[in-house]
Amino acid sequence: MELLDGSKVSQEMLFDVESGVGALQVAGVQPKLAVILVGQDPASLSYIKQKQKACTFTGIEWIQHDFEESVTTEELIATVERLNEDESVHGILVQLPLPAHVYTPDVIKAVTPKKDVDGFEAYNLGKMFLSKEFEHLVPCTPKGVIKLLDYYDIDVTGKDVVVVGHSNVVGKPLAVMLMNRGATVTVCHKETKDLTSHTVNADILCVAVGKRNLITEEMVKEGAVVVDIGINRTESGKLVGDVDFENVSKKASFITPVPGGVGPMTVACLMENTLFAAQRFHDDSIVAGKHVKKIY
Ligand code: GUN
């Protein structure tokens, strides 16, 4: 069994982003990420801290807009629209979840596609349906999974891949990206009748549910690649995934640890998306020495 070491791979990605940021700075563009945080949810604060640290490392400028829980949908949309217009900002991230009284789809929809570094907005999500070549700003967690598999030369072409979890931010876009690469994809979710009947056939098993020990040894094929995207806390506060690592790792050919697997890859992919957004801004603005507006 070999570990899919997200800590190591993400660090290499961050070095690459840092040099890309340096090149843009030389060209007169300072990549900048604007983050909107509502309330003080401990998980959101922890994610934001990791993202800010990665920005500091890579040289991406960070600005944060904090709001009270009582903020309205209209106030958030107005802030997003201001950031859309701000030419010094290349990426906009609205930390989720938002409070129940805020209509999240409208806030996400307000982010202009070219600054949508989370890849949550419908234009970017729709475009990735076309083919791999149209994957530009894609959701960071599925992108991190693909990058991790690529790093370890795990070719998904023709493989039976089972994705457990069909969220808009992980399961669904991951399934599309895997199909774009020639995998035979089965997506399972909470309505799936017999989960094990699917998972036991998986050459590659990706799990993003948020349920500790959901995947046990009997559910996994000998030699399978297991990617654990779950994040759960034990009673003692320890971070664990959705897979019974101790026992499943005895059967797997490759497996991600939690922590140190997909988590740091998500953050590195956010940095890469921000760099891509800033690079495209720069490329677009210098065509033939004239500022050119493009359709994203
Ligand atoms: N909340 C949990 N994960 C994420 C993420 O990747 N992006 C945003 N915006 N919010 C999150």
Side-chain angles (χ1 to χ4, degrees), residues 6 10 13-14 17 32-55 60 62-67 69 71 73 76-77 79-80 83-84 89-100 102-113 115-125 128 135 137-148 165-174 177 206-211 227-233 239 241-242 258-259 261-277:
S10 64
M13 277 185 72
L14 291 179
V17 172
K32 186 165 164 183
L33 175 62
V35 174
I36 292 174
L37 174 66
V38 180
Q40 296 286 311
D41 171 55
S44 290
L45 287 173
S46 157
Y47 291 138
I48 286 231
K49 211 165 120 191
Q50 292 165 39
K51 293 168 187 178
Q52 189 170 12
K53 197 169 149 218
C55 274
I60 293 172
W62 169 280
I63 49 161
Q64 188 172 327
H65 297 266
D66 290 328
F67 291 92
E69 285 273 340
V71 71
T73 304
L76 288 175
I77 290 174
T79 302
V80 168
L83 294 168
N84 284 343
V89 170
H90 306 97
I92 302 170
L93 183 150
V94 182
Q95 188 63 32
L96 303 179
L98 295 172
V102 172
Y103 189 58
T104 303
D106 275 354
V107 179
I108 292 173
K109 188 173 148 203
V111 178
T112 183
K115 299 190 182 186
D116 170 37
V117 287
D118 251 333
F120 290 171
E121 183 280 330
Y123 179 84
N124 286 316
L125 281 174
M128 65 186 284
E135 293 173 6
L137 296 178
V138 294
C140 302
T141 300
K143 177 174 167 168
V145 172
I146 298 288
K147 288 252 177 196
L148 204 49
H166 69 340
S167 71
N168 291 338
V169 296
V170 184
K172 286 184 204 167
L174 178 58
M177 293 174 85
C206 303
V207 193
V209 172
K211 207 164 165 189
V227 181
D228 190 349
I229 312 165
I231 300 176
N232 310 289
R233 293 241 175 227
L239 208 60
D242 291 347
V258 177
V262 176
M265 293 300 294
T266 299
V267 177
C269 288
L270 173 68
M271 296 301 111
E272 191 180 78
N273 278 356
T274 307
L275 172 65
F276 285 173

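Just follow the structure's listing: the first ligand is 1, and inside any ligand the first atom is 1.
Interface of Tyr47 with ligand 1, defined as ligand atoms under 4.0 Å from a residue heavy atom, comprises 2 (C). Remark: ligand 1 atoms within the under-4.0 Å shell around heavy atoms of Val94 are 8 (C), 9 (N). In summary, the atoms of ligand 1 found under 4.0 Å from a heavy atom of Leu93, numbered by their order in the structure, are 9 (N).
Leu98 is not listed as a side-chain neighbour of Tyr103, based on a closest heavy-atom distance of 4.5 Å or more. Between Ile231 and Val262, the closest side-chain pair of non-hydrogen atoms is not below 4.5 Å.
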Passes side-chain contact (heavy atoms from CB on, under 4.5 Å), Ile92 versus Val35? Steps please.
CA-CA 6 Å; Ile92 302 170; Val35 174; over 6 Å; no
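Taking only non-hydrogen atoms, the option from Val267, Asp118, Val117, Ile92 nearest to atom 8 (C) of ligand 1 is Asp118.
With Asp116 as reference, Val111 is the one residue of Val94, Val111, Leu93 to meet the side-chain contact (heavy atoms from CB on, under 4.5 Å) rule.
Among protein heavy atoms, atom 5 (C) of ligand 1 sits closest to Lys51 NZ, 3.8 Å. Closest to atom 1 (N) of ligand 1 among all protein heavy atoms lies Leu96 O, 2.8 Å. Annotation: atom 11 (C) of ligand 1 to nearest protein heavy atom, Gln95 NE2, 3.2 Å.
In terms of polar-atom proximity, defined here as any N/O pair under 3.5 Å, Phe120 makes no such contact with ligand 1.
A distance of 12.0 Å separates CG of Asp242 from SG of Cys206, quoted to the nearest 0.5 Å. Interatomic distance, OG1 of Thr266 versus CD1 of Ile229, reported as 8.5 Å (0.5 Å rounding).
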